[in-house]
Amino acid sequence: MLSRFFILGLVFAASLFAQVDPEWTEPFPPHHVIGNVYYVGSKGLASYLITTPQGNILINSSLESSVPLIRASIEKLGFHFNDTKILLISHGHWDHCAGSALLKQLTGAKYMVMEADVPVVEAGGKGDFQYGNSPGSFYKPAKVDRVLHDGDQVKLGDAVLVAHLTPGHTKGCTTWTMRVREGSKTYHVVIVGSPNVNDGYKLVNNALYPKIAQDYERMFRTLRALPCDVFLGAHGSYYGMEAKFAHLKNGAPNPFIDPDGYRSYVAEREQTFRNELKKQSKPQ
Ligand SMILES: [Zn+2]
């Protein structure tokens, strides 16, 4: 009896840690972003499909329960889920990669992850510097087929994505860039990995991530330097996805082309990081 109560208690504790925002599981209309880039995520968790004649690339498997939603979104757009040849992620947190094992199993996609996030992803979230001891943040481990490094290219058909190491939020946090053609123009697409300092992150004297503050600095340097026309991110909230989606109209300018929005977002996030660093650096 006692052990049953103990187990119930553990389950309750785990569900407390799970932190599932209701918007994460709420379906959202899949839509064309630009060129061969499509949004196939939920209201709160962004997933992107990059289509090519040789198969498709998916960025972010999201939660395990997101996989059927992603599949439905892909099919609604007229593409085939089984054409998913490559799976990429923004970073190794459960809300972007917990579905990877299932997605690999269903599609046979090759899983490509930035080196510093590989141990965490292959251990199902264990070993993460912040959430490594929170069972609610764990997920089914998935084997990585290709280990990526800063600047590596992922190519499929005529699509070329570049993996930029933008660490801090996780050690291998990745910002994806690509160039797309639409009409006679070429656009720079940036999919931000995450510039956020989560609640509880220690930026100073972090024994499990000693160079975390330097890594955030590096990340902001990289984001500032990237050319960006089309601003996207790991969560739609980064770039005002819902409001932009509402402005999609035939013949009107593409609302996802937003270089100024990108610059001001990066600047605001950097300022927030600097304020937090200053606060944590003060003698207690
Ligand atoms: Zn995260």
Side-chain angles (χ1 to χ4, degrees), residues 14 16-25 41-48 58-67 70 87-101 103 111-142 144 148 163-176 190-203 206 208-209 211-213 215-216 218-220 222-223 231-239 241 265-266 268-270 272-273 276-277:
L16 277 182
F17 283 122
Q19 306 171 42
V20 173
D21 182 324
E23 293 200 341
W24 289 1
T25 51
S42 67
K43 193 170 179 184
L45 294 177
S47 296
Y48 301 94
L58 181 72
I59 303 181
N60 293 331
S61 60
S62 303
L63 305 171
E64 198 170 18
S65 67
S66 310
V67 175
I70 292 170
L87 172 62
L88 308 173
I89 55 170
S90 293
H91 60 265
H93 280 159
W94 66 100
D95 50 335
H96 308 291
C97 72
S100 293
L103 200 126
Y111 196 22
M112 306 183 185
V113 176
M114 191 66 82
E115 184 176 28
D117 271 2
V118 169
V120 174
V121 161
E122 291 197 328
K126 289 177 189 151
D128 180 87
F129 73 90
Q130 184 71 20
Y131 304 110
N133 290 313
S134 305
S137 309
F138 296 165
Y139 46 88
K140 224 175 257 172
V144 172
L148 300 172
H164 300 269
L165 176 63
T166 48
H169 183 80
T170 66
K171 292 178 180 178
C173 187
T174 307
T175 292
W176 289 100
V190 177
I191 305 172
V192 175
S194 176
N196 296 321
V197 179
N198 281 9
D199 285 349
Y201 270 31
K202 274 184 72 175
L203 299 174
N206 189 330
L208 293 176
Y209 193 174
K211 62 182 184 84
I212 183 168
D215 273 3
Y216 271 99
R218 174 191 171 145
M219 181 263 295
F220 283 114
T222 302
L223 291 187
F231 168 28
L232 305 172
H235 294 275
S237 57
Y238 293 4
Y239 64 97
M241 184 273 287
Y265 174 77
V266 172
E268 188 277 330
R269 290 289 84 198
E270 181 167 359
T272 301
F273 157 73
E276 183 61 25
L277 181 62

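Atoms considered below: every heavy atom in the structure, side chains included; atoms not considered: hydrogens, waters and symmetry mates. Just follow the structure's listing: the first ligand is 1, and inside any ligand the first atom is 1. Note that the coordinates shown come from a computational prediction; the quantities given were computed from them, not determined experimentally.
- Judged purely by distance below 3.5 Å, without hydrogens or angles, the side chains of Thr272 and Glu268 pair a donor atom with an acceptor atom.
- Annotation: side chain of Thr174 is not in contact with side chain of Leu88 (no heavy-atom distance under 4.5 Å).
- Applying the side-chain contact (heavy atoms from CB on, under 4.5 Å) rule to Leu277 yields the partners Leu203, Val204, Ala213, Glu217, Phe273, Ser281; only residues at least two apart in sequence or on another chain are considered.
- Side-chain atoms of Tyr139 do not come within 3.5 Å of backbone N or O of Leu63 as any donor-acceptor pair.
- We find the NE2-OG distance between His93 and Ser137 to be 8.0 Å, quoted to the nearest 0.5 Å.
- Between His91 and His169, the ring planes are perpendicular. Angles over 60° get that label, and only those under 30° would be called parallel.
- Ordered by chain and number, His91 NE2, His93 ND1, His169 NE2 make up the set of protein N, O or S atoms under 2.8 Å of the Zn ion (ligand 1).
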